[in-house]
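The model shown is predicted, which means the values in this text are computed figures rather than measured ones.
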Amino acid sequence: MLAHVEVRDLAVSDLDTMADLCLAARGESTLGAQVSVPEADRIVRQVGTFAQLEGGSVLVASIDGQIVGFAMSRFIGPGLFVDHSSFYIEALYVASSARRRGVGHNLLSVLADRAALQGVTEIYALPLPGSRGVQRFLARLGFAPAASHRVVSVSALQRNIAAEFKRSRKGTARAIEDLIARRRRSRFETNSGPLDLRAFQNEYAARQELDEQSLPN
């Protein structure tokens, strides 16, 4: 079910929550040591350093004010080997309790829009080591293998995310229609209760009247 997801840039007050999410990602991966260090205070320093790098960006996603996911990315301009700019996603993670609610899609949607505004044509992603779920998620959105990374064009990512949101909205609409239909059936079926009760009451009253008539004067 889709939820209202807010995506914004990392604030200093978010660093402790970011550390908790990084530790959760480490715990889910079979290659935890390649995801993050095990000490929260070191993660806080590392995330803060990354956020201050030239071109570095950390987005956080929240539901009802609670941060449930993040995306760490870098803008990479033209250089010695390529004459175009690109976005590089270092990490993408959504808390297990908030999955299948549009969090990852919203994070990538904001990244894709920012990339498009800067004239970027491709987005590279490095899935969290040992996380098959993230691999499948990226593949579904069009990320194709590229050396040890995955890559997708910005335009294709925007189209795929829009299509996913559209399917999710249709699924939500169908779920609401099913709920309304079930409630209507329930009301129809329970109507037999009062009808049967009235018939019983009428029969009971008739018997009472006969009994009274049979009593001696």
**OP:** Measure the spacing between CZ of Arg8 and CG of Leu59 and express it to the nearest 0.5 Å.
**Re:** 10.0 Å
Subject >> Distance-minimising heavy-atom pair for Val68 and Ala98 >> reply: CB-CB, 3.6 Å
Subject >> Student check: side-chain heavy atoms of Val151 and Phe143 closer than 4.5 Å >> reply: no
Original post:
Got Arg159 and Val154 here, is their nearest side-chain heavy-atom distance under 4.5 Å?
Top reply: no
**OP:** Apply side-chain contact (heavy atoms from CB on, under 4.5 Å) to the pair Arg74 and Glu54, showing each step before the final yes or no.
**Re:** CA-CA 8 Å; Arg74 290 188 66 184; Glu54 183 178 357; 5.7 Å; no
Original post:
Hey, does His4 have a side-chain heavy atom less than 4.5 Å from the side chain of Ile63?
Top reply: no
**OP:** Check Val103 against Ala61 and note the closest heavy-atom contact, atom names and distance.
**Re:** CG1-CB, 3.6 Å
Original post:
How long is the span from the CD1 atom in Ile76 to the OG atom in Ser85, to the nearest 0.5 Å?
Top reply: 9.5 Å
Original post:
When you measure from the side chain of Thr49 to the backbone N and O of Arg45, does any donor-acceptor pair fall under 3.5 Å?
Top reply: yes
Original post:
Which heavy atom of Ser57 sits nearest a heavy atom of Arg114, and at what distance?
Top reply: OG-NH1, 3.7 Å
Original post:
What distance do Leu157 atom CG and Ser109 atom OG have between them, rounded to the nearest 0.5 Å?
Top reply: 8.0 Å
Subject >> Beyond-backbone contact of Ser86 with Ile123, side-chain heavy atoms, under 4.5 angstrom >> reply: no
**OP:** Run the salt-bridge test on Glu164 and Arg140 with the 4.0 Å N-O cut-off and return the result as yes or no.
**Re:** yes
**OP:** Please work out whether the ring planes of Phe70 and Tyr93 are parallel, tilted or perpendicular, with thresholds of 30° and 60°.
**Re:** tilted
**OP:** Could you tell me whether Tyr88 and His149 have their ring centroids closer than 6.0 angstrom?
**Re:** yes
Original post:
Once you round to the nearest 0.5 Å, how far does CD1 of Ile43 lie from CG of Leu21?
Top reply: 10.0 Å
**OP:** Give the minimum heavy-atom separation between Ala146 and Tyr124, together with the two atoms involved.
**Re:** CB-CE2, 4.3 Å
**OP:** Starting at NE2 of His105, measure out to CG of Asn160 and round the result to the nearest 0.5 Å.
**Re:** 9.0 Å
Original post:
With hydrophobic residues grouped by side-chain heavy-atom distances under 4.5 Å, do Ile161 and Leu117 end up in a single group?
Top reply: no
**OP:** Let me see the working for Cys22 and Gln46 under side-chain contact (heavy atoms from CB on, under 4.5 Å), right down to the final yes or no.
**Re:** CA-CA 11 Å; Cys22 288; Gln46 292 168 358; over 6 Å; no
Original post:
Is it true that the side chains of Asn106 and Glu6 contain a donor and an acceptor less than 3.5 Å apart?
Top reply: no
Subject >> Flag, side chain of Asp14 to backbone of Leu10, donor-acceptor distance under 3.5 Å >> reply: no
Original post:
What heavy-atom pair brings Gly104 and Val94 nearest, and what distance separates the two atoms?
Top reply: N-CG2, 3.8 Å
Original post:
Should Gln118 and Val120 count as side-chain neighbours, where that means a heavy-atom distance under 4.5 Å?
Top reply: yes
Subject >> pair Ile67-Met18: side-chain heavy atoms closer than 4.5 Å >> reply: no
Original post:
With a 4.5 Å limit on heavy-atom distance, are the side chains of Glu90 and Phe50 in contact?
Top reply: yes
Original post:
Nearest 0.5 Å, what's the CG-CG distance between Leu138 and Leu126?
Top reply: 10.0 Å
Subject >> Exercise: identify the closest heavy-atom pair between Val152 and Gly142 >> reply: CG2-O, 3.5 Å
**OP:** Check for a donor-acceptor pair, side chain of Arg150 on one end and backbone N or O of Ala125 on the other, with a separation under 3.5 Å.
**Re:** no
Original post:
Would you call Leu108 and Ile89 a side-chain contact if the rule is heavy atoms closer than 4.5 Å?
Top reply: yes
